[in-house]
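Read the numbers this way: they start at 1 and go in the same order the structure lists the ligands and their atoms.
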Amino acid sequence: MTAKTILLTDHRSRRPAPVVPGVPIAPSGRLADTRGRPLHDLRISVTDRCNFRCVYCMPKEVFGKDYPYLPHDALLSFEEIVRLARLFVAHGVEKIRLTGGEPLLRKNIEALIAQLAELRTPAGQPLDLTLTTNASLLARKARALADAGLRRVTVSLDALDDTVFRRMNDVDFPVADVLRGIDAAAEAGLGPIKVNMVVKKGVNDDQIESMAEYFRHSGHTLRFIEYMDVGASNGWKMDEVLPSADVLRRIGARWPLETLQPHYAGEVAQRWRYRDGAGEIGVISSVTQAFCSSCTRARLSTEGQLYLCLFADQGYDLRALLRGGASDADLATAIAHIWHGRTDNYSERRSADTPRAGRIEMSYIGG
Ligand code: SAM
Ligand code: SF4
Ligand code: SF4
């Protein structure tokens, strides 16, 4: 049988539509790539805009007033997102994370959450449906998000000291409002809450101990993320990365730690707990300890490009298929075909001088 060509109606599409092999691949709930890695998580970016200008993600010099954000009609509609999500779930995705940009800036995001919350895995289970946010709008929205069916949130917070935090978000946003958002989310039942701190050496590494102290006994899990060379605009240098081993050494010197087993195979964060029973922390060592061999994540960009790696420079234009009249069977076949061919393992190959031009930005694809 020959491969089908789907007619494109969207002339802004920069890449050809993915090939839909002539032999349909029906979803079996199990897909494996070339290294046997299953497709388990889907991250969906719902906007490329953000009200913060974090220095490691959307530096002001690049993301200024004239930055060409996507026009509204380029964004996947909620209908299109849900249609794709349903097919990904049929293929084995059990966890969906909404991200961005700042996902709470997407108008009526609760309506999207309500529709995603209705999806069921092939075994009839609801999804692990979560969202990553800078929490600027969380105090206002937590209740509505929980009512819509969101299970949990992850909040990004890089410092407890207001001056350091305002310098990092670069829009003068105060720590107190993020902490209020975290409290509101906990009250609304969106826990256990994870708090992500990106550690940039010389910028906020002096905040490690105070952040740890604040979240001890809180029931929230603080996770330290190594500053990564995502995108092409943050001017990343290896010597600005503080290895997770150093973070653990510093915290452990004050509050002894012990390791915990992962919740599931392929969990990104390594889990630790305080020996005195004050709770759990995590480290995400994307730079110093590659975890590509167990990477089960696919990423859908705001405009419907499917990326198989955070460091990819090329996606697969699912929107072109959607808007070109592809059937569900065609879409499911294309997704399976793409995942079957996946070879990505960037973090295993990273070196300080790997070229970065052309790489997708974190704000476009989400974390
Ligand atoms: N705006 C939301 C937020 O900040 O939580 C969601 C999108 S943001 C791109 C997702 C996550 O990526 C955040 O936790 C952020 O700290 C992290 N991130 C962004 N750029 C990063 C980088 N260069 N290295 C490591 N983590 C990064
Ligand atoms: Fe915005 Fe999140 Fe990027 Fe910060 S990390 S600029 S909050 S998208
Ligand atoms: Fe996954 Fe790519 Fe990160 Fe490796 S570098 S863990 S393949 S996203």
Where [X] and [Y] come nearest, the two heavy atoms and their spacing:
X	Y	value
Lys95	Thr130	CE-CG2, 4.3 Å
Arg323	Asp73	NH1-O, 2.8 Å
His337	Ile25	N-CD1, 4.0 Å
Phe78	Asn108	CE1-O, 3.2 Å
Ala148	Ala117	O-CB, 3.9 Å

Side-chain heavy atoms of [X] within contact of [Y], under 4.5 Å:
X	Y	answer
Leu308	Trp339	yes
Val175	Tyr214	no
Tyr346	Asp229	yes
Phe215	Leu157	yes
Thr132	Ser156	yes

Tell me whether [X] contacts the main-chain N or O of [Y] through its side chain, where contact means a donor paired with an acceptor under 3.5 Å.
X	Y	result
Ser285	Thr288	no
Thr302	Leu75	no
Arg37	Cys292	yes

So is there a nitrogen or oxygen of [X] less than 3.5 Å from a nitrogen or oxygen in ligand 1?
X	value
Thr133	yes
Pro103	no
Gly101	yes
Tyr56	yes
Ser156	yes
Asp158	no

Problem set entry | His40 NE2 to Arg297 CZ distance, which is reported to the nearest 0.5 Å | 11.0 Å

For this session: For atom CZ of Arg140, decide whether the heavy atoms of other residues, nucleotides or ligands shown that lie under 6.0 angstrom number more than 12.
Result: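 At most 12 heavy atoms, drawn from other residues, nucleotides or ligands, come within 6.0 Å of this atom.
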
Exercise. Under 6.0 Å from the CD atom of Glu79, do we count more than 12 heavy atoms belonging to anything else shown?
Worked result: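 No, CD of Glu79 has 12 or fewer neighbouring heavy atoms, counting only those of other groups under 6.0 Å.
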
Problem set entry | Distance from atom 1 (Fe) of ligand 2 to nearest protein heavy atom, with residue and atom |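 Its nearest protein heavy-atom neighbour is Cys50 SG, 2.3 Å.
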
Seminar exercise, completed: Closest to atom 6 (S) of ligand 2 among protein heavy atoms sits Cys54 N, 3.5 Å

Could you list the atoms of ligand 1 found under 4.0 angstrom from a heavy atom of [X]?
X	value
Glu102	1 (N), 2 (C)
Asn134	2 (C), 3 (C), 5 (O)
Glu226	25 (C)
Asn196	14 (O)
Val198	16 (O), 25 (C), 26 (N), 27 (C)
Thr99	6 (C), 7 (C)
Gly100	7 (C), 9 (C)

Exercise. Any idea which atoms of ligand 2 are less than 4.0 Å away from a heavy-atom of Met58?
Worked result: 6 (S)

Exercise. Is there a heavy atom of Ser156 sitting under 4.0 angstrom from any atom of ligand 2?
Worked result: no

Exercise. Which of the atoms of ligand 3 are close to Arg299, meaning less than 4.0 Å from one of its heavy atoms?
Worked result: 8 (S)

Exercise. Hey, is Val230 touching ligand 1 through its side chain, its backbone, both or neither, going by heavy atoms under 4.0 Å?
Worked result: side chain

Exercise. Does Cys57 bring an N, O or S atom to under 2.8 Å of atom 3 (Fe) of ligand 2?
Worked result: yes

For this session: Mind checking how many protein N/O/S atoms fall short of 2.8 Å from atom 4 (Fe) of ligand 3?
Result: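 The number of such protein atoms is 1.
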
Exercise. Heavy-atom contact under 4.0 Å between Arg349 and ligand 3?
Worked result: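 Arg349 does not count as a contact of ligand 3 under the 4.0 Å cut-off.
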
Exercise. Is there a heavy atom in Met197 that sits closer than 4.0 Å to ligand 1?
Worked result: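 It does not; every heavy atom stays at 4.0 Å or beyond.
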
For this session: Determine, for Asp246 against Arg249, whether the closest basic-nitrogen to carboxylate-oxygen distance falls under 4.0 angstrom.
Result: yes

